Amino acid sequence: MADSDYIPLMFQAQIEGRSQIHRLDPGVAGHQQQAYDWAQQWQDGCDAKNMPKFSPNCQTKDYNFTWRMVTNSGQDGVIRPVIGERGWAYYPGSSMKGAFARCCTLEQKLLYCGGVGDDGEIHPGILRFHGGYPKNDDWLDDSLVDLIHPQEGWQLNGNAASRRTVIQLSLYQPKLTFGISSLKPLSEDEWQQIWQIWEKALGKGIGSRVSAGYGQIKTHGATNLLIVGLQGTGLASKRIDGVAEFRPNGFKAALRGHTKRLLCGVTDDNTAEKFTNQLWGGVGGRNGAIAGLLGVAFSAPNLELAMHRSGQYEMPIYDTGEAVLNILLLNQKLSDQVFGRSRQLSETDRKNLKILATQIVKFSMLMGGFGKSWRRIDHSIFFPDYLQANQNPAIGCHWKFCGRNWDRYVVPVDRLADITAFLNGLQTKVAGFPLLQELQGGNPQNTLQEAWCEDNVQVWGRIAEDKNDSLAVRWFHGNYQGQKSIKRSPLTGSMGQIGRIWHRMYPRYQKQGEELKETGAFVELMTIFPNRLGRPEDIQKTADFLKFLEYSADFTHLW
């Protein structure tokens, strides 16, 4: 055994042959990835019996995080939590102070955090921020190994080379205890105010990757832009070690992807890219990252995970129960990298962003779903025969609105033409969005595979009487007419290849007087991006299928 093998991985250089915990090695089994060894060495070395304690003069409070949380330590070239006293994971007091100060008024900031006063002198704040530690040692039994798996290029343009998976380490649903002390005695009322400010900071999310749902608690206060009640079922993700996990970052991925599709339908690609980054964050090239305006948080207290067996394989499936998706306004400033100047959002900007976010949520729910396999309907609901005897894999997802204010996000469908009217109106609203107008972009270039241009996409629909009345789901698994089939073609996609059809069974809501009612029926929608490039026989296969829809099927061309 080499001498270096006796050195904990934490202290080894991140180079080939040493410690490479950020790297997902495709030749190594999931639980044998080096990241697991690194995390286990950390967890084993932690002083589990002696949680760091705050001093008696400290005020403390506990908060539960709905999903994962990470504060990048800035060391090792790996995103991982900061390690504090006795080896415990730690949210640093300096980070806590920064997050707290951003939620203060100028007077509160000067009093509590310190700064330069009206007299030009530097004044220390009266508060001391002691950071946060896990409430108990449960986190030592959790899997800390987490994935960063960007798929935008693959999902929107079929570019498999753009998929790159790296590993980070994060805490799973931690409960943290935070501590604050004061240099002078404070009343109970003032302490209550201080904790309200801290909860306001928590409502924005703390740590890294908060726009994707990391570091979020259940409540979000004024950061909330939209509150959307959702319930979903479908195919869950697996962690690297094969354990099921519902990953809320899929919501941001879907909303961001749809934003770019819609923008590419109304402006040139460069402007669409820049404005998508302004809305959801992104890489700004030489000028650094762009802080996005929007983010997501998801809370599903009744989430259930189970396993579907297909032959010798098991696939995780989820049922979120009644859950809440929050669209958050995380940033109040426009980026000078996008607009050439930085300025604060006005109240009008905020209202317009709320309108745009509402439209993107409506579009997302009308046309598809969220998470893994979002382009297909949940076969367990709409095609259970396919899954009988456990011979086939679980496919797809199904989402519907629930809870309060669901009618704000519904697209009512009295006639199929209502879908056409919504899509026409949506494109007009996106094109006329005031902040986008400021950028003065060019005409659509139609180079993105899934750009939402009328000459690049077709939407077909029909009314399905109930969940057993899906026609198209069977066309994905057999012939649609005679010997003609689109099964496993570039149109429908296959393992490792993004197809060109989305299939959705959208719950049909109708207006009855002033109220919206769920009818029990569905609007069956197929969104098709016809082949423009590829083998002639594949292009012909798509043309044949579109001709079938036009002349032989129950579907109507809606857009």
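Treat the numbers as computed from the prediction; the structure is a model and nothing was measured.
Residue H149 qualifies as enclosed at atom NE2: its count of foreign heavy atoms under 6.0 Å is above 12. By the 6.0 Å contact criterion, CZ on R343 is enclosed, its count of non-hydrogen atoms from other residues, nucleotides or ligands being greater than 12. Heavy atoms from other residues, nucleotides or ligands lying under 6.0 Å from NZ of K200 number 12 at most. K362 NZ: more than 12 foreign heavy atoms inside a 6.0 Å radius. For K400, the NZ atom sits in a loose shell: 12 or fewer heavy atoms of surrounding residues, nucleotides or ligands are nearer than 6.0 Å. The environment of CD in E188 is sparse: at most 12 heavy-atom neighbours from other residues, nucleotides or ligands sit within 6.0 Å. Other residues, nucleotides and ligands contribute at most 12 non-hydrogen atoms within 6.0 Å of the CD atom of E304.
The main-chain N or O of G396 is found under 3.5 Å from a side-chain atom of S373 such that the two form a donor-acceptor pair. A donor-acceptor pair is defined here as one N or O able to donate and one able to accept, closer than 3.5 Å; such a pair exists between the side chain of R247 and the backbone of L147. Listed for the Q173 side chain is a donor-acceptor partner under 3.5 Å among the backbone atoms of T66. For the pair R404 (side chain) and G229 (backbone), a donor-acceptor distance under 3.5 Å is absent.
To the nearest 0.5 Å, atom CG of residue L127 and atom CH2 of residue W198 are 12.0 Å apart. The distance from the CG atom of N249 to the OH atom of Y214 is 5.0 Å, given to the nearest 0.5 Å. Within the model, atoms CD1 of I7 and CD of Q41 stand 11.0 Å from one another, a figure rounded to the nearest 0.5 Å. Distance check, rounded to the nearest 0.5 Å: CG of L140 to CD of Q40 gives 9.5 Å. Note that the CZ atom of R209 and the CD atom of Q168 stand 5.0 Å from one another [nearest 0.5 Å]. Expressed to the nearest 0.5 Å, how far OG1 of T320 lies from CH2 of W399 amounts to 4.5 Å.
Checking E245 against W67 by side-chain atom types alone, a donor-acceptor pair falls below 3.5 Å. Side-chain polar atoms of Q155 and R375 form a donor-acceptor pair below 3.5 angstrom. Residues S208 and N72 bring no donor and acceptor atom of their side chains to less than 3.5 Å of each other. No side-chain N or O of S187 forms a donor-acceptor pair with one of D189 less than 3.5 Å apart. Between E518 and W406, the side chains place no donor N or O within less than 3.5 Å of an acceptor N or O (distance only, hydrogens not considered).
Remark: of the listed residues I148, D146, L169, T71, I148 is the sole one forming a side-chain contact (heavy atoms from CB on, under 4.5 Å) with I79. Among F129, F178, W195, the single residue meeting the ring-ring contact (aromatic ring centres under 6.0 Å, His included) criterion with F100 is F129.
For R68 and D142, the salt-bridge test fails: no basic side-chain N is under 4.0 Å from an acidic carboxylate O. Salt-bridge check for E190 with K184: failed, with every basic side-chain N at 4.0 Å or more from each acidic carboxylate O.
Ring centers of Y90 and Y133: under 6.0 Å apart, within the cut-off. The aromatic ring centres of Y172 and W139 sit 6.0 Å or more apart.
Annotation: side chain of D137 is in contact with side chain of W88 (closest heavy-atom distance under 4.5 Å). Side-chain contact between Y318 and S237: absent, with no pair of heavy atoms (C-beta onward) separated by less than 4.5 Å.
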